[in-house]
**Q** 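Sending over a structure as structure tokens; questions will come in a sec.
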Amino acid sequence: MAASRLPLAALTLKQFLQRQRVLGMYRDLLRSIRKVQNESDRRYLRDWAREEFKRNKSETDQDVVRMMITQANNHLEDLRKSLALAGC
């Protein structure tokens, strides 16, 4: 019998979908950060976002991940509002 080509720790459908939401949130956040006019602010925000996502990369508790997605969404909305007020 042939060995399975699936990795030993394959994601469940729920984990996969949650991972896609996190990656989408990360991309949206970085896209919005690119619109910040001030170079030092843009660099600070980009580094902050990267560090936060890296720091929480190994989190496996789905409730905690869901809470972090909500927080990231709130940060993204705040950033978009600030950019809209600044006329960006």
Side-chain angles (χ1 to χ4, degrees):
M1 184 155 179
S4 173
R5 294 195 301 178
L6 288 175
L8 294 176
L11 298 175
T12 65
L13 177 61
K14 193 171 189 177
Q15 290 169 328
F16 174 79
L17 293 174
Q18 195 168 47
R19 181 177 186 270
Q20 293 306 109
R21 286 184 63 201
V22 170
L23 291 174
M25 178 64 62
Y26 181 67
R27 284 190 292 268
D28 288 345
L29 197 54
L30 289 180
R31 282 186 196 115
S32 293
I33 289 171
R34 276 191 226 134
K35 296 177 184 175
V36 173
Q37 296 290 325
N38 186 302
E39 174 66 31
S40 63
D41 290 343
R42 186 170 52 244
R43 190 177 314 118
Y44 170 79
L45 289 169
R46 186 185 62 228
D47 292 345
W48 167 80
R50 286 179 178 168
E51 184 59 35
E52 284 296 307
F53 277 82
K54 276 184 187 178
R55 187 166 52 88
N56 296 305
K57 180 180 177 180
S58 61
E59 184 60 56
T60 57
D61 184 347
Q62 292 198 356
D63 291 332
V64 173
V65 173
R66 198 173 311 122
M67 180 201 59
M68 287 189 278
I69 290 171
T70 302
Q71 287 177 338
N73 197 27
N74 290 339
H75 289 303
L76 179 59
E77 290 304 313
D78 289 344
L79 177 60
R80 286 178 175 165
K81 288 176 186 176
S82 295
L83 289 170
L85 288 173
C88 299

**Q** Which atom pairs, one a donor and one an acceptor, fall under 3.5 Å between side chains of residues 47-54 and the rest of the protein, sequence neighbours left out?
**A**
{"from": "E52", "atom 1": "OE1", "to": "R55", "atom 2": "NH2", "distance (Å)": "2.7"}
{"from": "E52", "atom 1": "OE2", "to": "R55", "atom 2": "NH2", "distance (Å)": "2.7"}

**Q** For residues 68-77, tabulate all N or O donor-acceptor pairs below 3.5 Å that involve a side-chain atom, not counting sequence neighbours.
**A**
{"from": "T70", "atom 1": "OG1", "to": "R66", "atom 2": "O", "distance (Å)": "3.1"}
{"from": "N74", "atom 1": "ND2", "to": "T70", "atom 2": "O", "distance (Å)": "3.4"}

**Q** Going by the rule salt bridge (charged side-chain N to carboxylate O under 4.0 Å, His left out), which residues pair with R42 if we only count those two or more places apart in sequence or in a different chain?
**A** E39

**Q** Return the CZ to CZ distance between R46 and R34, rounded to the nearest 0.5 Å.
**A** 10.0 Å

**Q** Using the rule that two of Ile, Leu, Val, Met, Phe, Trp, Tyr join whenever any of their side-chain heavy atoms come within less than 4.5 Å, decide whether V22 and L11 are in one cluster.
**A** no

**Q** Checking N56 now: which residues fulfil side chain to side chain donor-acceptor pair (under 3.5 Å) with it, not counting sequence neighbours?
**A** none

**Q** Apply the test side chain to side chain contact (heavy atoms under 4.5 Å, CB included) to residues L45 and L29: give CA-CA distance (whole Å), side-chain angles for both, the deciding distance (0.1 Å), then the verdict.
**A** CA-CA 9 Å; L45 289 169; L29 197 54; over 6 Å; no

**Q** Can you get from M67 to M25 by hopping between Ile, Leu, Val, Met, Phe, Trp and Tyr side chains that sit under 4.5 Å apart?
**A** yes

**Q** Report yes if the side chains of L30 and Y26 come closer than 4.5 Å at any heavy-atom pair, otherwise no.
**A** yes

**Q** Run the side-chain donor-acceptor check on residues 14-21: report pairs under 3.5 Å with partners two or more places apart or on a different chain.
**A**
{"from": "Q15", "atom 1": "OE1", "to": "T12", "atom 2": "N", "distance (Å)": "2.8"}
{"from": "Q15", "atom 1": "OE1", "to": "T12", "atom 2": "OG1", "distance (Å)": "3.3"}
{"from": "Q18", "atom 1": "NE2", "to": "Q62", "atom 2": "O", "distance (Å)": "3.4"}

**Q** Going by the rule side chain to side chain donor-acceptor pair (under 3.5 Å), which residues pair with N38 if we only count those two or more places apart in sequence or in a different chain?
**A** S40

